[in-house]
Amino acid sequence: MDKKINQLIEIAEFAMEANDYAHAEKKYINALYLMDNPKSEEYQKVVNKLAKCYAAQENYAGAKECLEELLFYAKKNKDLKKEVEYLHALAVNTRCMKEYDLAALMCEEEITFRLTHFPDDYSGLACSYYEAAMLSLLQRNPMKSKMNLDKAKQYADKSEDEECQAGIMRGLGDYHFTLNELERARDSYLESHALYMKTKNEGAADELLARLKRLEDRG
């Protein structure tokens, strides 16, 4: 890759680390202008970084445009792993845009895709069902949310991935908190916190402490 392009990408990544997203956005766009092959893997990597930069700025329309481009090339190249990655990212981005019904449909498409092509990717399936569960909550359908969370937990337990299990338990806590089932929410949050501490994810563990504080304030 051209030295000038590399420099722009490096500057953008430093800016991202410093939370200077507007500066990072400019550098990523400048790098893309200098790259003359949208079909190349290097170009698509920068588009993916730009999508994350847009999302960090809550520019979900910009992120959507990037992700749709990435999904197009993943399908064209028959790259199933990238296709499911971008399907998931688009579903999450659509939820962030508060288009919950559309996001739910996209989640169903992603789950079907995973079950067809990656039935043994238990962590991936847990993540997909978790996203579907959170959408069901936003759609005020707690019964469907619980059904999806139970499936997410089954796959997370199968995966034996403690980071994944911690995320699902956090989701269960959020579910019980939303339904004002405070004791069950506390138990789920505590289990999630313990798992995050075990995996040394201190940032996520601190978020759980904030959730527990919020729960105490309600109780």
Side-chain angles (χ1 to χ4, degrees), residues 13-21 24 48-49 51-60 63 67 81 84-98 100 103 107 110-111 114 118 121-138 142 145-146 148-219:
E13 288 174 351
F14 280 125
M16 286 289 287
E17 288 175 12
N19 300 329
D20 187 354
Y21 303 122
N48 196 16
K49 291 174 188 290
K52 291 172 182 174
C53 182
Y54 280 141
Q57 297 174 85
E58 299 183 3
N59 179 359
Y60 300 118
L67 291 168
K81 286 188 177 180
V84 76
E85 176 188 341
Y86 299 136
L87 279 172
H88 181 76
L90 272 167
V92 172
N93 191 72
T94 304
R95 168 173 56 77
C96 292
M97 295 175 79
K98 300 185 178 179
Y100 302 139
C107 266
E110 179 199 343
I111 288 168
R114 284 192 188 276
F118 303 105
D121 179 9
Y122 301 135
S123 295
L125 281 162
C127 188
S128 299
Y129 276 111
Y130 172 83
E131 180 64 24
M134 295 301 100
L135 277 163
S136 298
L137 265 187
L138 290 166
S145 179
K146 185 61 166 62
N148 284 321
L149 274 171
D150 286 344
K151 286 183 178 178
K153 189 174 187 308
Q154 287 169 15
Y155 281 115
D157 290 343
K158 272 188 176 184
S159 76
E160 299 182 355
D161 181 334
E162 290 178 330
E163 189 86 10
C164 177
Q165 292 166 355
I168 302 306
M169 292 311 300
R170 180 181 59 199
L172 276 166
D174 290 344
Y175 166 82
H176 291 304
F177 183 83
T178 301
L179 270 61
N180 210 36
E181 298 170 352
L182 303 187
E183 199 60 42
R184 297 181 76 177
R186 181 178 291 105
D187 290 344
S188 296
Y189 284 152
L190 286 170
E191 185 173 343
S192 178
H193 180 265
L195 284 165
Y196 276 130
M197 289 298 290
K198 191 175 178 183
T199 59
K200 296 181 169 56
N201 188 336
E202 294 179 6
D206 287 345
E207 284 183 18
L208 264 297
L209 292 177
R211 279 171 162 82
L212 285 161
K213 177 67 168 60
R214 183 181 64 179
L215 191 150
E216 288 170 10
D217 291 342
R218 180 182 284 192

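Positions are given from 1, in the same order as the sequence printed here.
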Think Arg218 forms a cation-pi with Phe177, using NZ or CZ under 6.0 Å from the six-ring centre and within 45 degrees of its axis?
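Cation-pi check for Arg218 and Phe177: passes.
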Smallest separation among heavy atoms of [X] and [Y], with atom names:
X: His176; Y: Ala185; result: CB-N, 3.6 Å
X: Ala103; Y: Ala91; result: CB-O, 3.7 Å
X: Asn93; Y: Tyr60; result: ND2-O, 2.9 Å
X: Tyr130; Y: Leu149; result: CD1-CD2, 4.2 Å
X: Leu137; Y: Leu179; result: CD2-CD1, 4.4 Å

Apply side-chain contact (heavy atoms from CB on, under 4.5 Å) to the pair Asn48 and Glu85, showing each step before the final yes or no.
CA-CA 11 Å; Asn48 196 16; Glu85 176 188 341; 3.9 Å; yes
Find the distance between [atom1] ([X]) and [atom2] ([Y]) and round it off to the nearest 0.5 Å.
X: Leu125; Y: Gln154; atom1: CG; atom2: CD; result: 11.5 Å
X: Ser145; Y: Tyr129; atom1: OG; atom2: OH; result: 13.5 Å
X: His193; Y: Arg186; atom1: NE2; atom2: CZ; result: 14.5 Å
X: Asp150; Y: Tyr175; atom1: CG; atom2: OH; result: 8.0 Å
X: Ile111; Y: Cys127; atom1: CD1; atom2: SG; result: 10.0 Å
X: Leu209; Y: Leu190; atom1: CG; atom2: CG; result: 9.0 Å

Just by distance, do the side chain of Ser192 and the backbone of Ser188 share a donor-acceptor pair under 3.5 Å?
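Not a single qualifying donor-acceptor pair exists.
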For Glu181, does the CD atom have more than 12 heavy-atom neighbours from other residues, nucleotides or ligands under 6.0 Å away?
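Yes.
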Sequence neighbours excluded, every pair satisfying salt bridge (Lys or Arg N to Asp or Glu O under 4.0 Å) that has a member inside residues 121-138
Arg95-Glu131, Arg114-Asp121
Identify all side-chain donor-acceptor contacts of residues 163-172 below 3.5 Å with residues at least two apart in sequence or on another chain.
{"unit_1": "Glu163", "atom_1": "OE1", "unit_2": "Thr199", "atom_2": "OG1", "d": "2.9"}
{"unit_1": "Glu163", "atom_1": "OE2", "unit_2": "Asn201", "atom_2": "ND2", "d": "2.5"}
{"unit_1": "Gln165", "atom_1": "NE2", "unit_2": "Ala156", "atom_2": "O", "d": "3.3"}
{"unit_1": "Arg170", "atom_1": "NH1", "unit_2": "Tyr196", "atom_2": "OH", "d": "3.2"}

Pair Glu216-Lys213, salt bridge (charged side-chain N to carboxylate O under 4.0 Å, His left out): steps then yes or no
CA-CA 5 Å; Glu216 288 170 10; Lys213 177 67 168 60; 5.9 Å; no
Does a side chain donor of either Asp157 or Tyr155 reach within less than 3.5 Å of an acceptor in the other side chain?
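No pair is found: no donor N or O on one side chain lies under 3.5 Å from an acceptor on the other.
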Take Lys81 and Phe118 through the side-chain contact (heavy atoms from CB on, under 4.5 Å) test and state the conclusion after the steps.
CA-CA 9 Å; Lys81 286 188 177 180; Phe118 303 105; 3.7 Å; yes
Which one of Val84, Leu90, Val92 satisfies the side-chain contact (heavy atoms from CB on, under 4.5 Å) criterion with His88?
Val92
Could you walk me through whether Cys96 and Glu58 pass side-chain contact (heavy atoms from CB on, under 4.5 Å), step by step?
CA-CA 8 Å; Cys96 292; Glu58 299 183 3; over 6 Å; no
